[in-house]
Amino acid sequence: MKPKILLITGFEPFGSEVENPSWQAVSLLPDSIGAWTLFKLLLPVTFSDAAALAIETAQRIHADAVLCVGLAAGRNAVTPEAVGLNLRDASIPDNAGRQPKDEPIDPNGLAAYFSTLPVRRMTEAIARVGIPAKISYSAGTYVCNDLLYTLLRRFNGSPVRAAFIHVPLASCIPVSDSARALTAAIEAIDPAE
Ligand code: PCA
């Protein structure tokens, strides 16, 4: 079978963090996993811009799937996100200084879109390699959710599938384990689906 292309993204540091384990974990991944050829992309923590860069890149490289990774500082498990919500409500400014409150991402968009990669199977695969994992039903209302919602809206009805995984702080789950979790999640995505 022809190799399938997976765009995998991580974020730069934001807020009070000096590192972002999402990009550190993505950086540790090999260039291919199973049938997937990986294309890694570092995203800025800015509303709209992160999503625009991910979409542009996915189109340019003809990605078959897009898996975005971000940090969820308060969580103690790796959490594949089931849904993107049409809402921006930032408790801290993004890296461009913008802090939207109670705004829709897209005034003409649906309230929410479900992730189109198999989050249940991905979560089970992560747990099977011994790393705490749980499906999450809210990616928050900050830049990660902005990215997930915008991707799902853009690729709705197209063959390009997308999902998002939040990883905890490195002090909770070491970056090497987050990378193992991502590997297990990617292996669980059937390229033929
Ligand atoms: N986490 C933030 C944005 C960037 C990141 O890594 C979030 O959960 O929205």
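Note that these values count all heavy atoms, side chains included, but never hydrogens, waters or copies made by symmetry. Indexing begins at 1, ligand by ligand and atom by atom, following the structure's order.
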Query raised in the report: Under 3.5 Å between some N or O of ligand 1 and some N or O of F14?
Result: no
* Asked: Between R153 and D106, does at least one N-O distance fall below 4.0 Å, as a salt bridge requires?
  -> yes
Take the angle between the ring planes of F11 and F164 and call it parallel below 30°, perpendicular above 60°, tilted in between. tilted
Report yes or no: do R128 and T123 form a side-chain donor-acceptor pair below 3.5 Å?
no
- [ ] Indicate yes or no: at least one non-hydrogen side-chain atom of L29 is less than 4.5 angstrom from one of S27.
- [x] no
Ligand 1 to G70, heavy atom cutoff 4.0 Å, flagged ligand atoms 6 (O)
Item checked: N145 N/O under 3.5 Å from ligand 1 N/O -> no
Check: Any Lys/Arg nitrogen of E187 or R180 sitting under 4.0 Å from an Asp/Glu carboxylate oxygen of the other?
Finding: no
* To do: Examine Y142 against ligand 1 and note whether any of their N/O atoms are separated by less than 3.5 Å.
  => no
Within 4.0 Å of some non-hydrogen atom of H166, the atoms of ligand 1 are 7 (C), 8 (O)
The answer for which part of N20 has a heavy atom under 4.0 Å from ligand 1 is side chain
Among non-hydrogen protein atoms, atom 1 (N) of ligand 1 lies closest to L71 O, 2.9 Å
Within 4.0 Å of some non-hydrogen atom of V143, the atoms of ligand 1 are 9 (O)
Of C144, G140, P13, P21, the residue with the heavy atom nearest atom 3 (C) of ligand 1 is C144
Q) Judged by modelled atom types alone, do Q99 and D94 share a side-chain donor-acceptor pair under 3.5 Å? A) no
For this session: Using a strict 4.0 Å threshold on nitrogen-to-oxygen distance, state whether R98 and D49 make a salt bridge.
Result: yes
At a 4.0 Å cut-off, with the gap strictly under it, does some heavy atom of E12 reach an atom of ligand 1?
-> no
